[in-house]
Amino acid sequence: MTLQSRLRDVESRLEQACRRSGRHREDIQVIAVTKYVSVDTAKAVVLEGVSHIGENRWPNAKAKWDALKGQAVFHYIGSLQTNKVKDVVGKFDYIHSLDRLSLAEAIHERAQKLDIQVPCFLQVNVSGEQSKHGLAPEQVKPFIVQLQAFDRIKPIGLMTMAPYESIPEETRPIFRALRQLRDELNEMSILKEPMKELSMGMSNDFEVAVEEGATRVRLGTVLVGKEEIEEGTQ
Ligand SMILES: *Cc1c(COP(=O)(O)O)cnc(C)c1O
């Protein structure tokens with residue numbers, strides 16, 4: 001399948017999911033996750049008009065960032081070690097994986113040095129799987145209260161990863177729970193501004209996520225494919 005035909009296919013599936021759920025296509029931002037593809041493919045994706053790029057590890061993202069900075073919006077979607085914050089903050093426009101106070105502190109300090117604000121998604125482990133990062137749903141409220149001390153961090157929404165299901169429909173309760181959690185938090189008057197965003201939905205389950213209110217879908221394989229590339233040499 002060519003890149004163009006994949007993009008067309010995803011676009012039509014997004015439009016159908018919007019139609020089914022009465023949503024507007026322009027309320028959903030596609031993030032092309034380029035972690036499995038080369039710099040050239042990432043450039044081609046941007047040329048085709050998808051200008052939001054997601055990467056989950058800085059060493060692999062570096063070459064793509066160098067090649068596309070200024071032309072694409074960068075999203076850091078992977079778990080972030082505190083000692084990598086200096087590489088990521090200032091280069092990535094959004095961080096999708098804020099899940100602990102020590103990380104918030106590191107991001108805040110770095111952002112203060114650079115005199116910037118960092119829009120962040122709070123990662124929530126809705127499914128409760130041991131292997132997944134993220135705050136437990138009941139930890140999110142106290143976490144937001146603690147975040148008030150770090151004014152360089154702008155909590156703009158919630159992010160989750162659903163478990164892989166061979167029947168995508170089975171992910172629906174996870175996405176619905178994330179949306180309900182966001183809505184509940186917005187009613188608690190603990191946020192300066194309401195959180196509008198929901199970063200949820202990947203190749204296998206993005207249509208269900210859109211039907212449940214995703215505002216950002218993170219699409220790797222289904223959108224840009226998967227190539228044989230060596231770590232760190234991309
Ligand atoms: C890799 C990755 C994706 C994209 O995965 P696909 O299943 O290939 O679409 C999305 N989100 C996160 C956090 C990822 O690590």
Side-chain angles (χ1 to χ4, degrees), residues 1 3 5-14 17 28-39 41-42 44-46 48 50 52-62 64-65 72-81 84 88 92-100 103 119-135 156-172 174-175 178 197-229 231-232 234:
M1 227 175 159
L3 180 59
S5 58
R6 275 204 211 88
L7 295 179
R8 266 199 307 273
D9 186 52
V10 165
E11 197 51 49
S12 101
R13 290 170 64 183
L14 279 170
I28 299 135
Q29 180 81 63
V30 171
I31 299 171
V33 177
T34 52
K35 67 186 184 197
Y36 301 126
V37 300
S38 65
V39 177
T41 302
V45 169
V46 173
E48 289 297 327
V50 183
H52 286 249
I53 297 290
E55 280 282 333
N56 69 338
R57 291 186 60 221
W58 171 244
N60 294 342
K62 191 177 179 311
K64 287 164 196 146
W65 188 81
V73 177
F74 278 83
H75 297 258
Y76 194 87
I77 62 170
S79 72
L80 183 53
Q81 288 167 282
K84 295 292 183 326
V88 167
F92 283 76
D93 303 277
Y94 296 90
I95 293 173
H96 289 241
S97 48
L98 178 54
D99 63 355
R100 58 192 191 280
L103 180 58
C120 293
F121 291 80
L122 314 184
Q123 185 170 351
V124 188
N125 184 358
V126 179
S127 68
E129 283 174 293
Q130 287 283 327
S131 61
K132 290 219 163 35
H133 292 270
L135 297 151
I156 60 164
L158 303 179
M159 179 274 214
T160 201
M161 288 170 85
Y164 179 88
E165 300 287 358
S166 51
I167 303 168
E169 180 60 32
E170 291 180 1
T171 59
R172 190 177 297 277
I174 304 285
F175 297 139
L178 195 73
E197 310 289 344
L198 291 173
S199 169
M200 58 188 197
M202 301 170 37
S203 290
N204 186 53
D205 52 25
F206 70 95
E207 290 149 299
V208 181
V210 165
E211 289 170 14
E212 290 301 326
T215 63
R216 316 275 179 139
V217 288
R218 309 178 308 268
L219 303 179
T221 332
V222 75
L223 190 73
V224 301
K226 203 166 186 169
E227 299 162 356
E228 296 287 328
I229 44 175
E231 297 256 306
Q234 310 172 41

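Just so it is clear, the model here is predicted, and its values are computed rather than measured. Just follow the structure's listing: the first ligand is 1, and inside any ligand the first atom is 1. FYI, the numbering just counts along the sequence from 1.
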Side-chain atoms of residues 159-170: list all donor-acceptor pairs with protein atoms under 3.5 Å, sequence neighbours left out, distances to 0.1 Å.
| from | atom 1 | to | atom 2 | distance (Å) |
| --- | --- | --- | --- | --- |
| T160 | OG1 | V124 | O | 2.6 |
| E169 | OE1 | R172 | NH2 | 2.9 |
| E169 | OE2 | R172 | NE | 2.7 |

Next on the checklist: Let's go through E55 and K35 carefully: what are the C-alpha distance in whole Å and the side-chain angles of both, what is the deciding distance for salt bridge (Lys or Arg N to Asp or Glu O under 4.0 Å) to 0.1 Å, and is it a yes or a no?
Outcome noted: CA-CA 5 Å; E55 280 282 333; K35 67 186 184 197; over 6 Å; no

Checklist entry - Any idea how F92 and Y76 line up, ring-wise: parallel (<30°), tilted (30 to 60°), or perpendicular (>60°)? => result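 Perpendicular: the ring planes of F92 and Y76 meet at over 60°.
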
Output the list of atoms in ligand 1 that are nearer than 4.0 Å to some heavy atom of [X], sorted by atom number.
X    : result
R218 : 4 (C), 9 (O), 10 (C), 11 (N), 12 (C), 13 (C)
T221 : 6 (P), 8 (O), 9 (O)
S203 : 6 (P), 7 (O), 8 (O), 9 (O)

Taking heavy atoms and a distance under 4.0 Å, where does [X] meet ligand 1: side chain, backbone, both or neither?
X    : value
M161 : side chain
L219 : backbone
K35  : side chain

Next on the checklist: Tell me the closest heavy-atom pair linking F121 and L158, and the distance in Å.
Outcome noted: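 Scanning both residues completely, I find the closest heavy atoms to be CD2-O, 3.7 Å.
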
Checklist entry - What is the minimum heavy-atom distance between V10 and V222, and which atoms define it? => result CG2-O, 3.8 Å

Item to check | Test: K132 and E129 ion pair at under 4.0 Å | outcome: yes

Item to check | Short side-chain to backbone donor-acceptor contact, D99 and L135, under 3.5 Å | outcome: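 Judged by distance alone, no pair lies under 3.5 Å.
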
Next on the checklist: So, 4.0 Å and heavy atoms of V222: is ligand 1 close enough to count as a contact?
Outcome noted: no

Item to check | Nearest-neighbour protein heavy atom for atom 5 (O) of ligand 1, which is reported as residue plus atom name and distance | outcome: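 Among all protein heavy atoms, the one nearest atom 5 (O) of ligand 1 is M202 CE, 3.5 Å.
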
Next on the checklist: How far is atom 12 (C) of ligand 1 from the closest protein heavy atom, and which atom is that?
Outcome noted: I77 CD1, 3.5 Å

Next on the checklist: Are any of the N/O atoms on Y36, whether in the backbone or the side chain, positioned under 3.5 angstrom from an N/O atom of ligand 1?
Outcome noted: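 No, there is no polar N/O contact under 3.5 Å.
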
